[in-house]
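Presented below is the structure to which this report refers.
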Amino acid sequence: MRVLITGAAGFIGSHLVEKYLKEGWEVIGLDNFLTGKVDNIEEFFSHPNFTFIKYDVTNFLYVKGNLDLILHFACPASPIHYMKHKIHTMKVDSIGTLHALGLAKEKRARFILASSSEVYGDPEVTPQTEDYRGNVSPTGPRSVYDEAKRFSEALSMAYFREHGVDVRIARIFNTYGTKMDLNDGRVIPNFMKQAIQGLPITVFGDGTQTRSFCYIKDMVEAIYRLSTKDGIAGQVINLGNPEELKIIEVATLIKELTGSSSPIEFKPLPEDDPKRRKPDITRAKEILGWTPRYKLKEGLSEVIPWFRERILKKE
Ligand code: UDP
């Protein structure tokens, strides 16, 4: 079996490279290193079933030979990254998705779109089910990502309906683990850095906004199941951990687990920051037989040594 992974050097992409190689697949990884890191995939370069191509999916996309599966994971994903690379983010999730879908059609490959809980914007209902249509500002600062992911979903469904491409859409909620970019501004790497370095932990707003965090090992398993199950073309599935926490609780938990004496400092809440986010994962349970195993406390305890080593090395 042969899989093409776009965004192979990114956080989730690089974990997928590892998983599919372990499962015996031949893996072709693409990344332009806009936000992905060579460090994330270096260990696979010597693997006989891995080929890496430095490439930007907004260019014409073609690979030789057959493909059974395309995992389309290319795209800046953290708010500071997509707000920095606004136009490129929109290109990746329009032109890039178009190219990846065109290739899936040509190769008769199954297609997994890495979509996002951001398609729900600042949700008015909780938990969010796949049927919820969202509350997204089309012109706000996060729109470059939110609307681009919504367009990617619409385009994927158009390829499913018009060309019969076996498309599956993964709406991925906040995920954390090894190989996260320490400088991408997301809450877990930020709090880890601050707690480990003894600096103030920056909570935006009053910290009552919530998120639900999924451990990367659980996420990779969910994506693998989504990609290998037969007979679910056209499915849209939330993937995430429904354990919902306030950001202030996350700060306290990281402080406690790292044994840090950092003070907590409140900073202004960024514009359009979603107030609540919690996935309804009934569909993932029923269709994929998947449910996350790691509670946030367990996952964080497992990754703290990884963060500590890298953070202290950089000091
Ligand atoms: N956040 C925070 N302090 C930080 C970074 C983020 O309080 O140093 C908050 C942010 O305002 C949001 C939540 O943590 O409410 C998650 O932010 P992140 O950037 O990780 O991802 P998002 O879920 O917003 O895409």
Side-chain angles (χ1 to χ4, degrees), residues 10-12 35 73 75-86 89 93 114-123 126-128 134-137 140-150 152 170-216 219 238-255 258 260 262-279 296 299-300 303 307 311:
F11 163 46
I12 299 183
T35 57
F73 278 69
C75 191
S78 86
I80 66 158
H81 277 163
Y82 62 68
M83 288 190 214
K84 180 172 173 206
H85 304 290
K86 299 173 187 64
T89 298
D93 263 311
S115 186
S116 167
S117 54
E118 286 280 323
V119 300
Y120 301 125
D122 187 5
T126 196
Q128 293 84 53
N135 175 36
V136 175
S137 161
R142 295 175 89 105
S143 63
V144 294
Y145 187 74
D146 300 11
E147 293 290 15
K149 285 293 177 196
R150 289 170 72 97
S152 265
R171 290 198 181 137
I172 299 171
F173 283 66
N174 296 65
T175 303
Y176 66 97
T178 59
K179 301 192 176 181
M180 284 191 101
D181 183 343
L182 295 181
N183 297 313
D184 74 2
R186 282 197 265 200
V187 68
I188 300 270
N190 266 14
F191 286 0
M192 285 284 191
K193 269 196 307 194
Q194 293 161 344
I196 289 169
Q197 292 174 327
L199 299 169
I201 297 181
T202 55
V203 169
F204 298 163
D206 62 4
T208 56
Q209 72 273 30
T210 69
R211 293 294 185 272
S212 307
F213 295 92
C214 187
Y215 192 37
I216 187 68
M219 183 55 65
N238 284 340
L239 299 180
N241 189 324
E243 185 195 5
E244 184 185 19
L245 276 97
K246 294 189 176 94
I247 291 303
I248 187 78
E249 292 170 330
V250 177
T252 314
L253 183 62
I254 291 182
K255 235 183 100 140
T258 52
S260 168
S262 289
I264 289 179
E265 190 176 285
F266 293 92
K267 297 258 190 184
L269 189 68
E271 193 180 335
D272 284 348
D273 197 281
K275 281 179 282 303
R276 290 194 73 176
R277 193 183 280 153
K278 173 186 166 85
L296 182 61
L300 286 178
V303 291
F307 275 101
I311 290 162

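We count ligands from 1, going down the list as the structure has it; atoms in each ligand are counted the same way. Just so you know, residue 1 is the first one in the sequence shown, and it goes up from there.
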| Between P270 and ligand 1, is there a nitrogen or oxygen pair with a distance under 3.5 Å? | no
| field | Those atoms of ligand 1 less than 4.0 Å from some heavy atom in V203 | value | 7 (O)
| request: Check ligand 1 against N190 and write out every atom of the ligand that is under 4.0 Å from a heavy-atom position of the residue. | output: 4 (C), 5 (C), 8 (O)
| said: Taking distance alone, with N or O pairs closer than 3.5 Å, would you say R142 contacts ligand 1? | reply: yes
| query | Side chain or backbone of R211 under 4.0 Å from ligand 1, or both, or neither, by non-hydrogen atoms? | reply | side chain
| Looking just at side-chain N and O atoms, do Q128 and S117 make a donor-acceptor pair shorter than 3.5 Å? | no
| field | Those atoms of ligand 1 less than 4.0 Å from some heavy atom in G185 | value | 5 (C)
| Polar contact flag for F204 and ligand 1 (N/O pairs, less than 3.5 Å) | yes
| request: Would you mind running through ligand 1 and noting each atom that sits below 4.0 Å from a heavy atom of Q209? | output: 9 (C), 11 (O), 15 (O)
| Would N241 and Y176 count as having a side-chain donor-acceptor pair, cut-off 3.5 Å? | no
| message | Taking 4.0 angstrom as the limit and counting only heavy atoms of N174, give me the atoms of ligand 1 inside it, by number and element. | response | 21 (O), 22 (P), 23 (O)
| message | List ligand 1 atoms under 4.0 Å from D273, heavy atoms only on the residue side. | response | 10 (C), 11 (O), 12 (C), 15 (O)
| task | Using heavy-atom distances, let me know which of V187, T202, I264 sits nearest atom 3 (N) of ligand 1. | result | T202
| field | Close-contact set for ligand 1 against E118 heavy atoms, below 4.0 Å | value | 25 (O)
| task | Check each atom of ligand 1 against the heavy atoms of I247 and keep those under 4.0 Å away; list them by number with element. | result | 7 (O), 13 (C), 14 (O)
| If you measure every N/O of Y82 against every N/O of ligand 1, is any gap under 3.5 Å? | no
| Within-cut-off N or O pair, R277 and ligand 1, under 3.5 Å | yes
